[in-house]
Amino acid sequence: MTEHCYEELKENKNLRENLSSLRRIVKTPEEKEHLKKLIGDGELLIGLLCADDPKTRKNAALLLGELQLQSSAGSLWTAYEKETTLFVKSAYLTALGKLEVSDYLEEFRQRMDELAAVEPAADEKKHIDGELRELQKIITGIEGITGHHFCGLKQEHTFVLTTNRECRNATLAEIGELAASVRRSTSQHPLGVAVRSKELQPFLSLRTYRELLFPIHTADGIIQDAVAAADVASAVWNSDLFPLLLECHREGAPFYFRLELKGTMPLDQKSNFAKRFSSELERLSGRKLINSTGDYELEIRLIEKKDGGYAPFARLCTVPMKRFSYRKHAISASVHPATAALLVQLAKPYLKENAQILDPFCGVGTMLIERDIRVPAAEIYGIDLFGEAVRMARENAEAAGKRIHFINRDFFRFEHDYLFDEIITDMPAGGKQSREETDALYARFFVKAKELLKAGGTVILYTNEVGFLKKQLRLQSEFHLIREFEIRKKEHRFLYVIGFRK
């Protein structure tokens, strides 16, 4: 197939179709190397950059880039300069972006400035935006991204500590534990807890929230019902976002961002919206804000509201968040560390210092690490049947500076020399087993817990199987419910604190 397409190119036959076919073929490494041997110095493809048909020129340029023929760089640049068909120009840049082109850096910058200085006609805007994106990729690839250093807030700002609304009081309680010298005001927020303060550092060590977001305050609010990318970009640029970025970073513009859209918009519409929004924001800002889906320092997040509008927020990736830096490893079933921290914060009144603790389904150890951070324990054991998770747990615990005994074993075959004060665990998620199997699991769990717990001991369970748990509390008279916390209403996730008496 490769030879056939190449031979027809040599004979000037079906140029557009054969170039498209070769571009599909070279997606495999073997065929790519095979074609490179056939093409040699690429003279045939370079010649097609002058073809009359624009799509032939486009496909020839893209194929040169995919083959990474460095010898074609000069020809691609010359063709780019001469090209008059807008939809073809970005193809030359895509190809050049796969080659070593640092010698052309000034030319790329000059072209970028020329394009950014002009308001394109409506029918040209899509192609000009594409050209600008490719130019930016090349320039960033050559120069890299100059990192920004967060240097703190200089004036009071409102920020949101995100957590599920059922547990906002736990985060408020954790904030209440901060020193009295930390001046702040707090209130409940649909996403968690809103804080107004000039100080940010004390809040970075709190553990019960997931993310720290800055609301973006716009003069006219963000669109209602229908979403118009250009209108949203204009509102964001004319907001307090850019002044905030300049205030709390040592270095100035440009800042690299990505857009995250949270809502019910269909995926294909989201993708189109993101491209249009990003291009418009780059243009409006004079490229002080630059879209970069990989190496970005700022996430602009639009969260859909009940009225169909969008609430805009900024997540600054430059803020040094080290709360959970110990977690080097995780598996799909791992509890999020902020959730684990939230659970132990809620259970704190029932936790005993210097206790002997056991997690029978420990996974990568997150629950035990957060438990020991909140209330230090004497001896901690974690058990899991999945050996790889146990290996990961040991490395996580070492990174956290915690002494935890992890054992690769079936909990129901585990025996120990002394009894435990506490069993704490994230129960295996329901839905992966039949109802009969899940019912049996909970029955066996409580029977085994009787063997391992001291009289007066405590069981702390995070579960989405409320029915099976409460059935066992009715059947197993030695256990009694102390406290129930609703954690995630939609997912039927609850935390239970259960007492044990022999």
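In this text the structure is predicted, and so the values were computed from the model without any measurement.
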> Cation over ring, Arg323 on Tyr209, under 6.0 Å and within 45°?
Replying inline: yes

> Should Arg444 and Glu437 be marked as a salt bridge (Lys or Arg N to Asp or Glu O under 4.0 Å) after you check the CA-CA gap, both sets of side-chain angles, and the distance that decides it?
Replying inline: CA-CA 10 Å; Arg444 293 178 69 201; Glu437 289 171 327; over 6 Å; no

>> Would you compute the distance between atom CZ of Arg315 and atom OG1 of Thr162 and round it to the nearest 0.5 angstrom?
In response: 10.0 Å

> With distance as the sole criterion, is a donor-acceptor pair present between the side chains of Gln188 and Arg165 under 3.5 Å?
Replying inline: no

> Hey, what do you get for NE2 (His217) to CG (Asn238), rounding to the nearest 0.5 Å?
Replying inline: 15.5 Å

>> With a 3.5 Å distance limit and no angle check, can you tell me whether Ser285 reaches the backbone of Glu282 through a side-chain donor-acceptor pair?
In response: yes

>> Among residues at least two apart in sequence or on other chains, which ones pass salt bridge (charged side-chain N to carboxylate O under 4.0 Å, His left out) with Lys454?
In response: Asp421

> Does the separation of the ring centres of Phe446 and Phe479 fall below 6.0 angstrom?
Replying inline: yes

>> Can a donor-acceptor pair be found, under 3.5 Å and without considering hydrogens, that links the side chain of Asp439 to the backbone of Phe468?
In response: no

>> Show the nearest heavy-atom pair for residues Pro320 and Leu204, with the distance to one decimal.
In response: O-CD1, 3.8 Å

>> The criterion is salt bridge (charged side-chain N to carboxylate O under 4.0 Å, His left out); which residues satisfy it with Glu451, sequence neighbours excluded?
In response: Lys448

> Near Arg403 CZ, under 6.0 Å, is it more than 12 heavy atoms from other residues, nucleotides or ligands?
Replying inline: no

> Under 3.5 Å, is there a donor-acceptor pair between the Thr163 and Arg168 side chains?
Replying inline: no

> Looking at Tyr256 versus His148, is the centre-to-centre ring distance below 6.0 Å?
Replying inline: no

>> To the nearest 0.5 Å, what is the distance between CZ on Phe485 and CZ on Arg483?
In response: 4.0 Å

> Are any of the side-chain nitrogens in Glu422 or Lys352 under 4.0 Å away from the carboxylate oxygens of its partner?
Replying inline: no

> Atom OG of Ser197 and atom CZ of Phe203: how far apart are they, to the nearest 0.5 Å?
Replying inline: 4.5 Å

>> Regarding Asp426 and Arg493, does a basic nitrogen lie under 4.0 Å from an acidic carboxylate oxygen?
In response: yes

> Which residues pass the side-chain hydrogen bond (donor to acceptor under 3.5 Å, both in side chains) test with Glu30, sequence neighbours left out?
Replying inline: none

>> Ignoring hydrogens, what is the shortest heavy-atom contact between Pro215 and Thr158? Give both atom names and the distance.
In response: CD-O, 3.3 Å

> In terms of side-chain heavy atoms, does Glu174 have a donor or acceptor partner in Thr208 at a distance below 3.5 Å?
Replying inline: yes

> Just how far is it from atom CZ of Arg371 to atom OG1 of Thr366, taken to the nearest 0.5 Å?
Replying inline: 15.5 Å

> Using a distance-only test with no angle check, is there a side-chain donor-acceptor pair under 3.5 angstrom linking Tyr442 and Thr463?
Replying inline: yes

>> For His249 and Thr318, which I'm curious about, is there any donor-acceptor pair between the side chains at under 3.5 Å?
In response: yes

> Under the salt bridge (charged side-chain N to carboxylate O under 4.0 Å, His left out) test, which residues partner Lys32, sequence neighbours left out?
Replying inline: none

> Would you find a donor on one side and an acceptor on the other, under 3.5 Å apart, between the side chain of Ser278 and the backbone of Ala274?
Replying inline: yes

> Do Ser477 and Arg501 have side-chain N/O donor and acceptor atoms under 3.5 Å apart?
Replying inline: no

> Which of these passes side-chain contact (heavy atoms from CB on, under 4.5 Å) with Ile357: Asp372, Thr458, Ile424, Ile404?
Replying inline: Ile424

> How long is the span from the CD atom in Glu478 to the CZ atom in Phe500, to the nearest 0.5 Å?
Replying inline: 6.0 Å

> So does Glu398 pair up with Lys328, basic N to acidic O under 4.0 Å?
Replying inline: no

> Looking only at side chains, do Glu379 and Asn354 share a donor and an acceptor under 3.5 Å apart?
Replying inline: no

> If you take all heavy atoms of Leu368 and Cys362, which pair is closest and at what distance?
Replying inline: CD1-CB, 4.3 Å

>> Around atom CD of Glu491, are there more than 12 heavy atoms from other residues, nucleotides or ligands closer than 6.0 Å?
In response: yes

> So which heavy atom on Val344 is nearest to which on Leu351, and how close?
Replying inline: O-CD1, 3.8 Å

>> Other residues, nucleotides and ligands only: do more than 12 of their heavy atoms fall within 6.0 Å of NZ on Lys450?
In response: yes

> Quick one: do Arg258 and Glu299 make a salt bridge, cutoff under 4.0 Å?
Replying inline: yes

>> Enumerate the ring pair (Phe, Tyr, Trp, His ring centres under 6.0 Å) contacts for residues 337-389, please, sequence neighbours excluded, ordered by first and then second residue.
In response: Phe361-Phe411, Tyr381-His405, Tyr381-His416, Tyr381-Phe420

> Quick one: do Glu156 and Lys198 make a salt bridge, cutoff under 4.0 Å?
Replying inline: no

> Is any side-chain N of the basic residue among Glu370 and Arg207 closer than 4.0 Å to the acidic one's carboxylate O?
Replying inline: yes

> Is a side-chain N or O of Arg184 found less than 3.5 angstrom from the main chain of Ile175, in a donor-acceptor match?
Replying inline: yes

> Is Arg301 salt-bridged to Glu260, cutoff N-O under 4.0 Å?
Replying inline: no

> Does His492 have any side-chain hydrogen bond (donor to acceptor under 3.5 Å, both in side chains) partners at least two apart in sequence or in another chain, and if so, which?
Replying inline: none

>> Checking Glu100 against Ser102: is there a side-chain donor and acceptor pair closer than 3.5 Å?
In response: yes

>> One thing to verify: whether Glu199 and Lys154 come together as a salt bridge, which I'm taking to mean a side-chain N less than 4.0 angstrom from a carboxylate O.
In response: no

>> Looking at Arg196, I want to see if its CZ is surrounded by more than 12 non-hydrogen atoms of other residues, nucleotides or ligands under 6.0 Å.
In response: yes

> Can Arg409 be said to sit on top of Phe414's aromatic six-ring, NZ or CZ under 6.0 Å from centre and within 45° of the ring axis?
Replying inline: no

